[in-house]
Each structure stands twice: as C-alpha cells, then as structure tokens.
Amino acid sequence: MTATITTTLTVNGRQICKAAPAHLSLLRWLRDVAGVTDPKYGCGEGICGSCTVLLDGEPVSSCLVLAAQADGAAITTASGLLEPDGSLGRLQRAFHVTHAAQCGYCTPGMLMAAAAALAGSQRLSRQEIRARLHGNLCRCTGYGPIVDAIELAQDEAADDRGK
Amino acid sequence: MFIRPFDYERAEHLADACDLLRAHGEAAKVIAGGQSLMALVNLGLAQPEVVIDISRAAGYRDCVAADGYLTVGALTTHARLASDPVAARCQPLLGAAAGQIGNARVRSRGTLGGSLAHSDPAAELPLVMVALGASYELTDGRQTRVARAEEFHLGFLTTQLADDELITAVSVPVLGPGWGWGFEEFSRRDGDFALAAAAVLVRIADGIIVESRVAVGAVGDRPVRLADVEISLSGAAPADAAARVGPLRGIRPVGDAGASADYRAHLCRVLVTRAIAQASARSLEAA
Ligand SMILES: Cc1cc2nc3c(=O)[nH]c(=O)nc-3n(C[C@H](O)[C@H](O)[C@H](O)COP(=O)(O)OP(=O)(O)OC[C@H]3O[C@@H](n4cnc5c(N)ncnc54)[C@H](O)[C@@H]3O)c2cc1C
C-alpha cells in the first residue's frame, strides 16, 4: 500500500520521473509536481474540457485520471504542439490568426481536442469539427472562431501534403 | 479541489483486487476508467481511504464471439466497444450505445465494467444489457457467478455486487438472423446524460413483428423492459407498430431539474416508437 508513488511520464517528449502523493490526478501531477501548467482545472467532473491532454494519443480529462494510472505513458499538452524551434505550431498559429482565444482558459484544452480531432486521416466538415468539440466548453468566443481555426489548420495540413 | 488523500494499490490481476477489497473493507474503492469515481472524488462525494487500480490489470479487454454469444471484457473502453469490428458484426446495438456515451474523453477511459457497476439509471450500457438479456460474469477472486442484467441493477447506483466482487465480462446473444435493432436517446446537449433512452430489438417474419425486446432507461431508478409493449407489438405490421404502443405502464419517471415526470414519460414513448421503427427497418433489410 502506498501513499507516495513514483510515476514516470514522457511529457511532450521529455521524460519526467517524480515521487508524489498517490492520490494526485494527472492534472495536479502535471501542474504541481512537474510544473507543466498548460492544462487547467475547470470543473473536476470531465465536463468542461479545460484539462484535456493526450494520453498515448487519446484525449482524456486529466482531472479524471490518477497520475499513477498513467505511469509509463506519453502525455501531450498544448506546449507539445510547438514546433521544434519553439515557434507556434500549426494549430496554435491558426488559433492566433482566427482570434480563437479570448480569455484563454479553455484554449489549452481546445487545442488538444483539436489535435485529437485532426489526428485521423479523414477530412472533417465544419459540422464534424463541432461534434469533435462536444465536451470542451468556451464561454467567450461562441465557438465560431475556434471552428474556423481548426478548419484553417486542417486546410493548411492538406495543402502541405499536396505539395 | 480539496481531496482527502488516499493510498493507492495497483492490481496486476482482477483476483488480486478482490483480495485487496477484502483486506481493506469499506474504506477501499476500485478504480477502472475513473470517469465516475474521480468525478465523485473531486467533488468530495466519495472519500475512499484506499483506491485499488484495476485499469492496468492484464486481459479483460477483448470482444470475442463463440457459440452464439458475444463476450466483452469488463475493462473494454467505451471507445473500443464503439469501434470494435467483432462487436459491430455480432451485436451492433452495443457499439451504437457506447458511441453515445458522454464525450470523446469519457469514451477513451470509461470501461464497460465501470459503467455497469456504477449503475447510473441514465447510462446507455445497462440499458442495452437489459434489452439484450445480457449476463454478467462476476468474481470475488475465489468463485465466479453469473448475474442477469435484469436482476443485477437494483436501483440508483445500486447493484447486486458484493463488497469484494468485480465484474469480469459480459455476454450477450449474437444478433440472430432476421433481427433488427434500434437505439434512441434524447439529451439537451450532445454528451449529456439522456433524459430518456430506448433500446429495441425486433424480428419480422412475413411482414409482421413476431418477436421483440423493448427496454427504456433514464425514466426510473434502473433500466426496465416493457413487457406490455412487447406483447402489443406481437403480430403487428411495422407500419402499425407506433399505434400499438399505448401509455407506457412499466415506467415510473420522476421529475427533476432536467425534465418533469410528464415530459419524460412523453419523451420515452416517442423514443420507443422511433426505436421500433429503426429496428423494423433493419429487420426488413436483414430479411
Ligand atoms: C462528462 C461525463 C459525461 C458522462 N456521460 C455519460 C453518459 O452520457 N452515459 C453514460 O452511461 N455514462 C456517462 N458517463 C460515465 C462514464 O460512462 C463512466 O465511464 C462509467 O460510468 C464508469 O466507468 P469507469 O471505468 O470510468 O469506472 P470508474 O469511475 O473507475 O468506477 C465507477 C464505479 O464502478 C466500480 N467498478 C469499476 N470497474 C468495476 C468492475 N470491473 N467491477 C466492479 N466494479 C467496478 C468502481 O469501484 C466505482 O464504484 C459520463 C462521465 C463523464 C465524466
């Protein structure tokens, strides 16, 4: 039985190994133990999506997973979307261009939901993009600019593949 | 987020988790996908002293068809159930229901066993299990037993599981020749729990419904089969089926902040008739 547990996660390509209280959620482990503060605490119930990260490529609410449950996994957060040189990645640039962030609290989660949505090979319609964002709440933008951003990023990726 | 700290145990096998449950008694809770338990913990509604993690246990993640039954492991995630080709071929109602659960993040982590054990009256999977006449395989690590879905769900978040028992797998009959299925639910927003839901199976022969199974969820403290509707459908032409569905006597909806009891009853009847129409169309296609 253990009150403290050592967890090793590869966060945005960097391996982090830390001992921490066993009851910490992945969200708290990332923020308070590993210092990765992109995912945000919103509701604690998996409804708002502001804590969304990719766990081995799958979108999860990091507030509803224990860090210990994720031991050994690869985690991607919003800063994992940066280009290797530290400049904004495609999705982040698109969010910037279309003004898809206002207060910004939902943005790190939105970006990860978007990354998960665009990971598949099939082209998503606007309606399908909206459907993929079910479960990520934004109280500022009215969602339009966010859908614009994801569409833009999708188009750019398609252009790149066409080249 | 003021969470009471708890200890963590990792079970490599489900039987180990049963031993741990016995060792720790009431203070312990099993965690699988965490999509119900962690929300309760974050809200302070559950305050376990020990959390026993079965999410990393070996096995219990397969969908296997044999001898007319489809067996699904308890650790199968909703996302996997929604996309598994064997499940889709053998009993498509399961994947259709699993795909309606919550949002993509819930489906990535949430498990079949967790959903059935949690036994939320509005949950999709207990509903389709009742409709299909599923049996649940349970173990306390020493002995196994089988529980029928219709008897397992006792009421709001309450089941037949003993304190040291876990669900290991679920078996449902493979969709037989000539059978069609329908699944309908209504919620205010996509991803919310259903205000009402219906799962229907019918078999049509020579243009009339000869057999059916009709169950509804979210309109009482557990999913229920509607025997009176099944009887009234027997012998009906699919086009007349809607007219045969009278007031649903098998349900006792309660009003809450989401919907009044009357509205839920109305919704339920509408969803049942739509699901019958869907199932009939599929049965006719299959014939
Ligand atoms: C935002 C959100 C929306 C949701 N919407 C829906 C919805 O629309 N429909 C729906 O049906 N559900 C919904 N859910 C709940 C979801 O389906 C959960 O995944 C499911 O109820 C629990 O599965 P789990 O594996 O996450 O279990 P956990 O949360 O890990 O455990 C739940 C309970 O089951 C017990 N348990 C877990 N596995 C077993 C087992 N094998 N044997 C015995 N006991 C076990 C645990 O001890 C605990 O008491 C939603 C959840 C969230 C966060």
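The structure presented is a predicted model; accordingly, all values stated were derived computationally and were not measured. Just so it is clear: chains get the letters A, B, ... in the order the sequence lines come, proteins before strands, and each one is counted from 1.
A pairwise comparison of heavy atoms in B:S108 and A:V60 identifies CB-CG1, 4.2 Å as the closest pair. In terms of heavy-atom proximity, A:Q69 sits nearest to B:S55 at NE2-OG, 3.2 Å. Across all non-hydrogen atoms, the minimal contact from B:R10 to A:I5 is NH2-CD1, 4.0 Å.
Going from atom NE2 of A:H134 over to atom CZ of B:R189 covers 10.5 Å, rounded to the nearest 0.5 Å. Taking SG of A:C43 as the reference point, atom CG of B:N42 lies at 8.5 Å (rounded to 0.5 Å). The CE atom of B:M38 sits 4.5 Å away from atom CG of A:L66, with the distance rounded to the nearest 0.5 Å. To the nearest 0.5 Å, the span separating CD1 on B:I3 from CZ on A:R28 amounts to 6.0 Å. B:Y8 contributes atom OH, which lies 13.5 Å from atom OG1 of A:T4 (distance to the nearest 0.5 angstrom). Atom-to-atom distance recorded for A:I47:CD1 and B:N103:CG is 9.0 Å, nearest 0.5 angstrom.
Contact of B:R107 with chain A is not made at all, since no heavy-atom distance falls under 4.5 Å. Contacts between B:A28 and chain A at a heavy-atom distance below 4.5 Å are absent for every atom of the residue. Interface remark: A:P21 contributes no atoms to any contact with chain B (heavy atom separation under 4.5 Å).
With chain B as partner, the option from A:G49, A:G46, A:A68 having the largest number of non-hydrogen pairs under 4.5 angstrom is A:A68. Between chain A and the residues B:V41, B:V51, B:L43, the largest count of heavy-atom pairs under 4.5 Å involves B:L43.
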* Would B:R56 and A:D71 satisfy side chain to side chain contact (heavy atoms under 4.5 Å, CB included), going step by step from the backbone distance to the final call? -> CA-CA 10 Å; B:R56 304 169 64 97; A:D71 188 34; 3.8 Å; yes
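At distances below 3.5 Å, not a single donor-acceptor pair connects side-chain atoms of B:R105 with backbone N or O atoms of A:T52.
With a 6.0 Å radius and a threshold of 12 heavy atoms from other residues, nucleotides or ligands, A:R14 has its CZ atom at or below the threshold.
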